[in-house]
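Each ligand, and each atom within it, is numbered from 1 in the order the structure gives. Along the sequence shown, residues are numbered consecutively beginning with 1.
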Amino acid sequence: MKITMAHGSGGKSSAQLMSDIFGKHFSNQVLDRMEDAAVLEVSGRIACSTDSFVVTPLEFNGGDIGKLCVCGTVNDLLMMGAVPKYITCGFIMEEGLDTELLERLVASMAAQAREAGVMVVAGDTKVVEGNGGLYINTTGIGLIPEDRNVSSSNCRPGDAIIVSGNLGDHHACILSHRMEIENDIKSDCATLNDIVDALFECGISVHTMRDVTRGGLGTVLNEIADTSGCRIELEEDAIPVSPDVRGFADILGLDPLYMGNEGKMIAVVPAEEAEKALEIMRSTVHGRDAAIIGYADEGSGAYIRTRLGAVRRFDVLYGEGLPRIC
Ligand code: MG
């Protein structure tokens, strides 16, 4: 079956779609009340983040827009030291969207929400004219434990910068689909609860965390350098990139420093805790390829020491990058 304008009417077809697909996969005690708004019990500091997902294609090697829209929002909450609790979703569907595909995407979203420990507490659907496309907005709420204080501004001279794994996988995967290049490159799309939980459970004094998404590591590190008033220096040789993505990037002239990811983060920790933090990250599923890639220092700007020993400054991503990567 295909989505038609009638599914956005608010009438019988909308109700049918709601029960057959959304209600079926998202059912929980808050959502099932079907009132005008979800009522949530929260106390203390909360983190709140919203993001819209327009990725194309809707399904790709290693993920899909349903999985991605949970990962993106949950990871943003995690990066503030929050424990993700609730998520809302707005589906904007184009006429002609296949309902079997829609159900796969909704099921994938529900599975990822379960894995990340978040409850889908509110949602909305709209139908617009178009060609079978789909856009999803998600908003997430997480609770910040009292003893956590994580911020881009907390990076200090001497701190070590650890990346959780290989860069560029999601970018290379999406681009491969678009260019119809066949390879085994999978998106790294994942929620990073395991890494963040492990760091805090082991008592690491995490100063800063950022997920390395659109704009890549280069952009994120420039933002941290600016916000914290530090100079950041990376070791090019230490930056992990898989051989497949390295080859793909070389052929297309892409720099992994600016390639997007959907399941990678950096943690900035005091130098004396860096080895312990690295070991902890490597013991998790999503951090098994973690590496210490550089240090913060007095000064400003972001620099990279190249394989040949030269030090050059790098800036944020300029221009387009890859449109509709997330
Ligand atoms: Mg982020």
| remark: Taken in chain and number order and not counting sequence neighbours, the residues that satisfy side-chain hydrogen bond (donor to acceptor under 3.5 Å, both in side chains) with D226 are none
| remark: Between C189 and the options N261, L68, V55, the side chain to side chain contact (heavy atoms under 4.5 Å, CB included) test singles out L68
Pairs of donor and acceptor atoms involving the side chains of residues 141-150, under 3.5 Å and at least two apart or interchain, shall be tabulated with distances.
{"residue": "R148", "atom": "NH1", "partner": "G81", "partner atom": "O", "Å": "2.9"}
{"residue": "N149", "atom": "OD1", "partner": "N154", "partner atom": "ND2", "Å": "3.4"}

| field | D32 side chain to S27 side chain, donor-acceptor N/O pair below 3.5 angstrom | value | yes
| query | Who else is in the cluster with V316 when I, L, V, M, F, W and Y are joined by side-chain contacts under 4.5 Å? | reply | none
| said: Closer than 2.8 Å to the Mg ion (ligand 1): how many protein N, O or S atoms are there? | reply: 2
| S187-E262 side chain donor-acceptor pair, cut-off 3.5 Å | no
